[in-house]
Amino acid sequence: MDIKEYFDNLDKKAVSPRTEFVEQIMKACHVESRSTVYRWLNGSVRPGRLEQEKISEITGIPVKDLFPNQITA
């Protein structure tokens with residue numbers, strides 16, 4: 001088996017659901033850096049109102065529940 005065959009046989013779904021979620025948020029919110037999304041996730045930075053609404057649409061969870069201790073920008 002050569003390297004191309006090896007690569008072609010790799011699981012194409014080798015991305016974890018958590019990584020997929022971060023990438024989905026990045027795309028929907030037009031964010032270029034994963035670190036920005038991770039800051040939103042750990043609560044060190046609050047996303048803007050529009051980003052909060054996009055994340056709410058993706059998750060199906062109301063903004064007030066996603067960001068309970070934060071004032072909407």
Side-chain angles (χ1 to χ4, degrees):
M1 172 182 304
D2 66 15
I3 188 121
K4 182 176 180 353
E5 289 173 314
Y6 179 83
F7 181 78
D8 289 343
N9 287 321
L10 288 175
D11 183 6
K12 292 182 176 139
K13 190 69 173 157
V15 178
S16 78
R18 295 176 84 164
T19 300
E20 284 183 15
F21 176 71
V22 169
E23 290 174 358
Q24 184 179 15
I25 296 299
M26 287 173 62
K27 183 177 180 181
C29 296
H30 305 286
V31 174
E32 294 182 16
S33 172
R34 279 187 174 84
S35 62
T36 298
V37 176
Y38 285 115
R39 284 188 209 111
W40 295 345
L41 293 172
N42 72 28
S44 64
V45 174
R46 179 182 72 224
R49 182 181 52 80
L50 294 175
E51 288 85 3
Q52 290 179 23
E53 291 173 3
K54 287 287 186 186
I55 295 167
S56 176
E57 288 174 18
I58 289 167
T59 62
I61 301 169
V63 171
K64 67 180 181 64
D65 294 335
L66 286 172
F67 306 98
N69 297 320
Q70 300 177 9
I71 299 169
T72 303

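No hydrogens, no waters, no symmetry mates; every other heavy atom, side chains included, goes into these values.
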Query - Closest non-hydrogen atom pair between Lys54 and Cys29, with its separation - result: CB-SG, 3.9 Å
**Report entry** For the student: nearest non-hydrogen atoms of Glu51 and Trp40, plus distance
**Finding:** CG-CH2, 3.6 Å
Report task. Flag the pair Val37 / Phe21 as yes when at least one side-chain heavy-atom distance between them is below 4.5 Å, and no otherwise. Result -> no
Query - Shared hydrophobic cluster for Leu50 and Val63 (ILVMFWY, side-chain gaps under 4.5 Å) - result: no
Query raised in the report: Hey, what do you get for CG (Leu66) to CD1 (Ile55), rounding to the nearest 0.5 Å?
Result: 7.5 Å
**Report entry** By side chain to side chain contact (heavy atoms under 4.5 Å, CB included) - contacts of Asp65 (at least two apart)
**Finding:** Ile61, Pro62
Query raised in the report: How long is the span from the OG1 atom in Thr36 to the CG atom in Leu41, to the nearest 0.5 Å?
Result: 11.0 Å
Query raised in the report: In chain order, what residues pass the side-chain hydrogen bond (donor to acceptor under 3.5 Å, both in side chains) check against Thr19, with sequence neighbours excluded?
Result: Ser16
Query raised in the report: When rounded to the nearest 0.5 angstrom, what is the spacing between CZ in Phe67 and CZ in Arg46?
Result: 10.0 Å
Report task. Could you note down all residue pairs passing salt bridge (Lys or Arg N to Asp or Glu O under 4.0 Å) where residues 22-43 supplies at least one of them, sequence neighbours left out? Result -> Glu23-Arg34
Query raised in the report: Any side-chain heavy atom of Ile25 within less than 4.5 Å of one from Ile58?
Result: yes
Query - Qualifying residues under side-chain hydrogen bond (donor to acceptor under 3.5 Å, both in side chains), relative to Gln24, sequence neighbours excluded - result: none
